[in-house]
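One structure below.
The figures that follow rest on heavy atoms only: side chains count, while hydrogens, waters and symmetry mates do not. Being a predicted model, the structure only gives us computed values, none of them experimental. Throughout, a chain's letter reflects where its sequence line sits, starting with A, and its residues are numbered from 1.
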2 protein chains.
Amino acid sequence: MLKNRVKELRARFSYTQGVLGEKVGVTRQTIGFIEKGEFSPSITLSLKLAHVLECKVDELFWLEEEE
Amino acid sequence: MLKNRVKELRARFSYTQGVLGEKVGVTRQTIGFIEKGEFSPSITLSLKLAHVLECKVDELFWLEEEE
DNA sequence: ACATTATGTTAAGTATACATTACATTATGT
DNA sequence: ACATAATGTAATGTATACTTAACATAATGT
C-alpha cells in the first residue's frame, strides 16, 4: 500500500493545495487525491513534488504492507 | 524530460526484461517502454523497481532540461 | 547451421492518472 | 455575523500507463 507525507510537508511550507498544485503543474484536486492516497502519481509528478517540498522521493512516498 | 538508469542497473544484476518485470509485477514490454523513456511509470512501480534494483528512486529516475 | 532466448516494436484494448466543473463544508479574518 | 479562502468530494471527460498478442531481429549456446 502506498503511503505519503505530502500533507505534512505541504503544511510545513504553509502551501495551500492550490499553490502546491500550481508549483508542480496539477490542479488542487489532484493534490487532494494524492494526499488521501487515492492514486499513485507518476514518477514525473513525484519528482516535482519532492523538489518543491525539498526532500527525496523515497522520503515522500513509500510502500507499506497490506492488511 | 524524464531520464532513468533502469537498463544499466538491470544489466548489473543480469536480469532480463522479463525477469525484472515479473519481480515488480509488470510485463517485459512495460520494462522496455520504461527503459526507452516512453512513459512515466507510477510511483508505486518506481518504488518496486528501486527496491529490486537496490537503489533509491531518486537514483533511478530524474528530470533533465528539455531537447 | 540450428534452436532457443532476449529484445525491439507495433496495434488494439483496458485501467487509471489527471482535468474540469460544480457544490458543500470547514477554517480564518474582519 | 459576515465574507472569503481553503478543503472535501463527486461526476464526467481525456490522456496516458500498462496489458495482451503478435511478429521480427539480435544474441547466445550447442
Side-chain angles (χ1 to χ4, degrees):
Chain A
M1 188 187 198
L2 183 66
K3 299 282 190 172
N4 76 82
R5 236 185 284 277
V6 173
K7 189 166 190 171
E8 172 193 339
L9 291 182
R10 178 171 64 80
R12 186 173 305 173
F13 286 88
S14 298
Y15 293 149
T16 66
Q17 292 180 341
V19 167
L20 178 56
E22 271 175 26
K23 285 179 184 289
V24 299
V26 298
T27 63
R28 70 171 185 84
Q29 285 86 341
T30 294
I31 301 296
F33 281 134
I34 292 171
E35 289 184 353
K36 283 186 65 186
E38 297 213 355
F39 58 61
S40 176
S42 69
I43 182 65
T44 297
L45 177 52
S46 303
L47 285 163
K48 289 178 184 172
L49 284 168
H51 181 250
V52 168
L53 297 176
E54 297 179 17
C55 66
K56 297 288 183 185
V57 172
D58 302 80
E59 294 162 5
L60 240 199
F61 296 95
W62 66 95
L63 293 172
E64 270 184 17
E65 306 312 317
E66 285 295 340
E67 55 257 51
Chain B
M1 187 189 201
L2 183 66
K3 299 280 190 175
N4 76 83
R5 235 185 284 278
V6 173
K7 189 168 190 170
E8 173 193 340
L9 290 181
R10 177 172 65 78
R12 186 172 305 174
F13 286 88
S14 298
Y15 292 149
T16 66
Q17 292 181 340
V19 166
L20 178 56
E22 272 176 24
K23 286 179 184 289
V24 299
V26 298
T27 64
R28 72 170 184 85
Q29 285 89 338
T30 294
I31 300 296
F33 281 134
I34 292 172
E35 288 183 355
K36 282 187 65 189
E38 297 214 356
F39 57 60
S40 176
S42 68
I43 182 66
T44 297
L45 176 52
S46 304
L47 285 163
K48 289 178 183 172
L49 285 168
H51 181 249
V52 167
L53 297 175
E54 297 179 17
C55 66
K56 296 290 182 185
V57 171
D58 302 80
E59 295 162 5
L60 239 198
F61 296 95
W62 65 96
L63 293 173
E64 267 183 21
E65 305 314 314
E66 281 301 336
E67 78 260 66

query: For the residue pair A/E35 and A/K7, what are the closest heavy atoms and their distance?
result: OE2-CA, 3.5 Å

query: How many angstroms lie between CG in B/L60 and CD in B/E8, if you round to the nearest 0.5 Å?
result: 9.5 Å

message: Tell me if a side-chain donor or acceptor on A/S40 pairs with a main-chain N or O of B/T44 at a distance below 3.5 Å.
response: yes

message: Taking any atom closer than 4.0 angstrom to a non-hydrogen atom of chain B, what span of DNA chain C does the protein reach, first nucleotide to last?
response: C/dA6 to C/dT10

- prompt: In terms of hydrophobic clusters joined by side-chain contacts under 4.5 Å, are A/W62 and A/L9 together?
  reply: no

query: Is there a side-chain contact between A/F39 and A/T30 (heavy atoms, below 4.5 Å)?
result: yes

Nucleotide D/dA17, atom P - distance to CZ of A/F39 in whole Å: 13 Å

task: For B/R10 and B/L20, work out which heavy atoms get closest and say how close.
output: CD-CD2, 3.7 Å

query: Looking at residues 9-33 of chain A, who's got a heavy atom less than 4.0 Å off DNA chain C?
result: A/G25, A/V26, A/T27, A/R28, A/Q29, A/T30

task: Taking all non-hydrogen atoms of both residues into account, name the closest pair between B/K48 and B/V24 and its distance.
output: CD-O, 3.6 Å

- line: Here the helical stems involving DNA chain D, each at least 3 consecutive Watson-Crick or G-U pairs closer than 3.5 Å, sorted by first residue number, are C:1-30 with D:1-30

message: I need the minimum non-hydrogen distance between A/V57 and A/S46, along with the two atoms involved.
response: CG2-O, 3.9 Å

message: Tell me the interatomic distance from B/E38, atom CD, to D/dA15, atom C1', rounded to whole angstroms.
response: 16 Å

task: Compare every heavy atom of A/V52 with every heavy atom of A/K23, then report the nearest pair and how far apart it is.
output: CD-CG1, 3.8 Å

- request: Rounded off to whole Å, could you give me the NZ-to-P distance for the B/K36 and D/dC18 pair?
  value: 16 Å

statement: Tightest non-hydrogen contact, residues B/F61 and B/L49, listed as CZ-CD1, 4.3 Å

field: First encountered from the 5' end of DNA chain D, between B/P41 and A/E35
entry: A/E35

